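Have a look at the structure below, then the notes.
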Amino acid sequence: MPELPEVEAVARALRPLVEGRTIRRARVLHPIAVRPSSGRGARRAAQDLVARLRGRWITRVGRRGKYLLLELDRGCVVMHFRLDGQLVWFDSHTLAGHVDVALDLDSGTLGFVDRRHFGRVQHFTQPDDLPGIRALGVDPLTPEFTAEKLADILRSSRPLKLLLLDQARIAGLGNIYSSEALWRARLDPRRRAHRVLPAEARRLHKAIVAVLLRALECCLHPAPDFRDPGWWFQGLEEILRVYGREGKPCRRCGAAVRRIEQGGRSTYACFRCQK
DNA sequence: CCTGCTACCTGATGGC
DNA sequence: TGCCATCAGGTAGCAG
């Protein structure tokens, strides 16, 4: 379920564990997790990954949108958690539970876990070799994301919610925080983006940044604990204002929160205060 | 070029 | 209890 704040928190917690470490050996337990996006050639991809990672060392942990990057002395490991992927840490090289890909480091083992097999672990010479990364739009937590930049992005006839989910426009918002940002900005998720007035666009800009920063703070306290196999972010539900609250009173005006479908996915909103 | 729909996977949940 | 339908926080690929 990770969106930008969760992946950012994972990147920060991972740095002291892996930066400067050598990958002694990579193990691909479930080749489906490393197959190319075309979907075929998983076994071959697994062999390639193992060969390319042997002996490399991790220079830096980075993030691009919802992608986690392990930059190496040669090339880069790109991970995407999609809906359910997560990381686990083992102090030894002995694994436990479902692990798709294991990176045996000189100090322990980093495991990529995703029972559902939506997520991916891949190696590229550089991150931009993956089309999904090359196409990413502005990162909303960088200075480049200004109110003017958002106004530019809003030149579209699409509904606001679908536009905010588009990773090629803004990188890192997902289904939860797009609903949350629109609630905070008091904007109807069905509104066509180019109908949004300048003052409303400035409100939305502030709301996006505020929602993400608040979630990031929550994700960092307590920090991710990869050693606990059952670990997941605590307390996130309490900071959500509309997401998942169908039928419950709006925290601003008391009207019932509604769930609607947009692009085949759930959107939550209060249509009394979101116009 | 843009937009919208579906497939991709597996597990959890709720109704009957 | 068992079974089936539905849902899940994402993205790539394809058709129009």
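Below, chains carry the letters A, B, ... as their sequence lines are ordered, and counting in each starts from 1. In this text, all values refer to a predicted model and were calculated from it rather than measured experimentally.
Of all non-hydrogen atoms in T109(A) and L95(A), the two that sit nearest each other are CG2-CD2, 3.8 Å. Here the shortest heavy-atom pairing between V99(A) and L29(A) reads O-CB, 3.2 Å.
Rounded to an integer number of Å, the gap from NE2 of H117(A) to C1' of dA8(C) is 17 Å. Counting to the nearest Å, the C1' atom of dT11(C) and the CG atom of L173(A) are 15 Å from each other. Per the geometry, CZ belonging to R265(A) stands 9 Å off C1' belonging to dA8(C), to the nearest Å. The separation between L136(A) atom CG and dG10(C) atom C1' is 13 Å, rounded to whole Å.
Relative orientation of the F112(A) and F81(A) rings is parallel, given thresholds of 30° and 60° on the angle between their planes.
None of R184(A), E3(A), E6(A) except one satisfies the side chain to side chain donor-acceptor pair (under 3.5 Å) rule with Y177(A); the exception is E6(A). For the salt bridge (Lys or Arg N to Asp or Glu O under 4.0 Å) criterion with D188(A), the lone passing option out of R191(A), R190(A), R186(A), R192(A) is R190(A).
We find the CG-CH2 distance between D225(A) and W231(A) to be 8.5 Å, quoted to the nearest 0.5 Å. A distance of 10.0 Å separates CG in L164(A) from CZ in R158(A), rounded to the nearest 0.5 Å.
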Give me the distances for all protein-to-nucleotides 12-16 of chain C N/O pairs that come in under 3.5 Å?
from    : atom 1 : to     : atom 2 : distance (Å)
dA12(C) : OP1    : Y67(A) : OH     : 3.2
dG13(C) : OP1    : S37(A) : OG     : 3.3

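Of the residues in residues 145-155 of chain A, not one places a heavy atom less than 4.0 Å from an atom of DNA chain B. The stretch residues 156-164 of chain A comes close to DNA chain B through S156(A), R158(A), each having a heavy atom under 4.0 Å from the strand.
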Which pairs would a plain distance check flag for residues 252-264 of chain A, meaning a side-chain donor or acceptor within less than 3.5 Å of a matching protein atom at least two apart in sequence or in another chain?
from    : atom 1 : to      : atom 2 : distance (Å)
R252(A) : NH1    : W183(A) : O      : 3.0
R252(A) : NH2    : W183(A) : O      : 2.8
R259(A) : NE     : E246(A) : OE1    : 3.4
R259(A) : NH1    : S266(A) : OG     : 3.0
Q262(A) : OE1    : T267(A) : OG1    : 2.8
Q262(A) : NE2    : P189(A) : O      : 3.2

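Annotation: H80(A) is not in aromatic contact with F118(A) [ring centroid separation under 6.0 Å not met].
The shortest side-chain heavy-atom distance between L182(A) and K161(A) falls under the 4.5 Å cut-off.
No engagement by R40(A) is indicated, since no non-hydrogen atom pair under 4.0 Å with the nucleic acid exists. R35(A) comes within 4.0 angstrom of the backbone, heavy atoms only, and of no base. In this structure, G174(A) reaches the sugar-phosphate backbone alone: every heavy-atom distance under 4.0 Å involves primed, P, OP1 or OP2 atoms, never a base.
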Audit row: L165(A), R265(A), side chain to side chain contact (heavy atoms under 4.5 Å, CB included) steps and yes/no:
CA-CA 11 Å; L165(A) 280 178; R265(A) 317 188 60 198; 4.2 Å; yes
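The cationic group of R64(A) does not satisfy the cation-pi geometry with Y67(A), failing either the under 6.0 Å distance to the six-membered ring centre or the 45° limit from the ring axis.
A salt bridge links E8(A) with R12(A); the closest basic N to acidic carboxylate O contact falls under 4.0 Å. Remark: D73(A) engages R56(A) in a salt bridge, criterion side-chain N to carboxylate O under 4.0 Å. By the 4.0 Å N-to-carboxylate-O rule, D91(A) lies close enough to R227(A) to be salt-bridged with it.
Regarding contacts with the backbone of dG10(C), every side-chain N or O of Q167(A) stays at 4.0 angstrom or more from both OP1 and OP2.
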Expected output check: what is the dot-bracket annotation of DNA chain C, where ( ) and [ ] are pairs inside the strand (brackets for crossing ones), | is paired with another strand, and pairs are Watson-Crick or G-U under 3.5 Å?
.|||||||.|||||||
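Look at the P atom in both dC9(B) and dC4(C): the space between them is 22 Å, to the nearest Å.
For the pair G264(A) and R116(A), nearest-nucleotide mapping onto DNA chain B gives the more 5' position to G264(A).
On the nucleic acid side, DNA chain B contacts chain A at distances under 4.0 Å to non-hydrogen atoms, with the end points of that region at dT3(B) to dG11(B).
Donor-acceptor pairing under 3.5 Å is recorded for the side chains of D100(A) and H117(A).
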